[in-house]
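Here's the structure, in structure tokens; my notes come after.
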Amino acid sequence: MFTIGDFARYGRVSARMLRHYDAIGLLRPDRTDPATGYRFYGAAQLARLNRVIALKDLGFTLQQVRAILDKQVGPEELRGMLRLRRAELEEAMRAAAARLTQVEARLRSIESEGSMSMDDVVVKNVAAVRVAELTGTAAGFEPEDITPVIGPLYDRLFPLLGEAGVVPSGPGIAHYEDAPEGGGSVVVHAGVTVSAPVGPLGDTGITVVELPPFEAATVVHRGSMDSVLPTAQTLARWIDANGYRSAGYAREISLECPEDREQWVTELQEPVAQV
């Protein structure tokens with residue numbers, strides 16, 4: 001038998017926490033001295049303590065922990081529950097990180113209002129280009145909607161091209177259009193420059209298309225596309241200040257795509273027309 005202090009030390013918890021668990025019926029001591037009130041625990045109780053701490057650290061309330069443990073959940077079932085909860089927390093962390101990135105981008109845009117140079121914006125005629133692409137639909141044009149769609153499309157695109165024996169002949173090109181169903185949805189086209197014939201590429205799901213030429217206001221963005229907002233808004237200010245209007249979504253030309261996303265170099269090519 002262990003004193004509450006020894007048991008707390010072995011379990012890497014505080015004695016105060018053990019007293020609380022006793023008070024709410026979550027982890028009772030094996031024996032309580034009737035004269036002194038001292039609590040004593042057995043080594044076998046470490047197993048329940050481990051489960052309590054693991055479940056609590058994964059976000060379950062103490063009431064939920066007690067309900068789970070009182071059902072005498074076996075190790076395999078408990079392990080499955082913990083894996084599921086871990087996956088939920090990891091997804092929540094990814095979502096929170098994505099939101100933080102967007103907040104930082106919005107703050108940078110606010111801080112740079114009126115101060116970012118528009119000298120790097122160039123108007124040019126973009127030639128027709130042939131791309132092999134996969135498409136998907138995003139709920140909106142916000143980064144949190146686009147990123148989960150375009151990333152998997154590109155993850156699939158290059159292996160499928162390899163299996164089809166098609167070698168890219170130029171940069172990746174992403175372009176967008178309003179979805180036919182409306183409601184703010186956006187069709188996402190994840191493509192790469194190729195010299196293959198126009199049309200479906202076997203049964204890969206890839207389509208080779210010819211993108212038409214157009215006049216574009218262009219600017220180069222350096223960094224992750226999750227932080228493109230200040231660059232895109234600088235382009236918008238230039239368009240508004242120079243007698244043009246936007247004629248559609250900007251294409252994104254991947255000039256450099258190293259593993260470190262913060263080192264990406266992407267040219268935005270926004271179709272424009274003179275007012």
(request) Hey, could you give me each pair passing ring-ring contact (aromatic ring centres under 6.0 Å, His included) that has a residue in residues 204-241? Not counting sequence neighbours. (result) Trp238-Tyr244
(request) For Ser14 and Met17, indicate whether the former's side chain and the latter's backbone hold a donor-acceptor pair under 3.5 Å. (result) yes
(message) Taking side-chain hydrogen bond (donor to acceptor under 3.5 Å, both in side chains) as the definition, give me every residue that meets it alongside Arg9, ordered by chain and number, with sequence neighbours left out.
(response) Asp6
Please list every donor-acceptor pair under 3.5 Å in which a side-chain atom of residues 180-190 meets a protein atom from a residue at least two apart or in another chain.
residue : atom : partner : partner atom : Å
His189  : ND1  : Glu133  : OE2          : 2.8
His189  : NE2  : Glu177  : OE2          : 2.8

(request) Mind checking side-chain hydrogen bond (donor to acceptor under 3.5 Å, both in side chains) for Gln263 and listing every partner two or more places apart, or none if nothing turns up? (result) none
Check residues 268-275 and write down every donor-acceptor pair under 3.5 Å in which the side-chain atom is one partner and the other belongs to a residue at least two apart or another chain.
residue : atom : partner : partner atom : Å
Gln269  : NE2  : Glu267  : OE1          : 2.7
Glu270  : OE2  : Ser246  : OG           : 2.6

(message) Among residues at least two apart in sequence or on other chains, which ones pass side chain to side chain contact (heavy atoms under 4.5 Å, CB included) with Val122?
(response) Thr218
(message) Quick one: does any side-chain atom of Gln233 pair with a main-chain N or O of Pro230 as donor and acceptor, under 3.5 Å?
(response) no
Using distance only, find each side-chain donor-acceptor pair of residues 199-211 under 3.5 Å and give its atom names and separation, not counting sequence neighbours.
residue : atom : partner : partner atom : Å
Thr204  : OG1  : Leu201  : O            : 2.6
Thr204  : OG1  : Ile206  : N            : 3.1
Glu210  : OE1  : Arg130  : NE           : 2.8
Glu210  : OE1  : Arg130  : NH2          : 3.1

(request) Begin from the C-alpha positions of Asp57 and Arg51 and carry the test salt bridge (charged side-chain N to carboxylate O under 4.0 Å, His left out) through to its verdict. (result) CA-CA 10 Å; Asp57 286 349; Arg51 287 163 168 74; over 6 Å; no
Which atom pairs, one a donor and one an acceptor, fall under 3.5 Å between side chains of residues 34-47 and the rest of the protein, sequence neighbours left out?
residue : atom : partner : partner atom : Å
Thr36   : OG1  : Asp33   : OD1          : 3.4
Thr36   : OG1  : Tyr38   : N            : 3.2
Arg39   : NE   : Asp22   : OD2          : 2.8
Gln45   : OE1  : Asp30   : N            : 3.4
Gln45   : OE1  : Gly42   : N            : 3.0
Gln45   : NE2  : Arg28   : O            : 2.5

(message) When you compare the side chain of Val52 with that of Leu69, does any pair of heavy atoms fall below 4.5 Å?
(response) yes
(message) Please list all pairs meeting ring-ring contact (aromatic ring centres under 6.0 Å, His included) that have one or both residues in residues 248-275, counting only residues at least two apart or in different chains.
(response) Phe141-Tyr249
For residues 153-172, which side-chain donor-acceptor pairs fall under 3.5 Å, sequence neighbours excluded?
residue : atom : partner : partner atom : Å
Tyr154  : OH   : Ile173  : O            : 3.3
Tyr154  : OH   : Gly191  : N            : 3.2
Tyr154  : OH   : Gly191  : O            : 2.8
Ser169  : OG   : Thr193  : O            : 3.4

(request) Applying side-chain hydrogen bond (donor to acceptor under 3.5 Å, both in side chains), name anything that partners Glu91, two or more places apart in sequence or on another chain. (result) Arg94
(message) According to salt bridge (Lys or Arg N to Asp or Glu O under 4.0 Å), who are the partners of Glu88, at least two apart in sequence or on a separate chain?
(response) Arg85
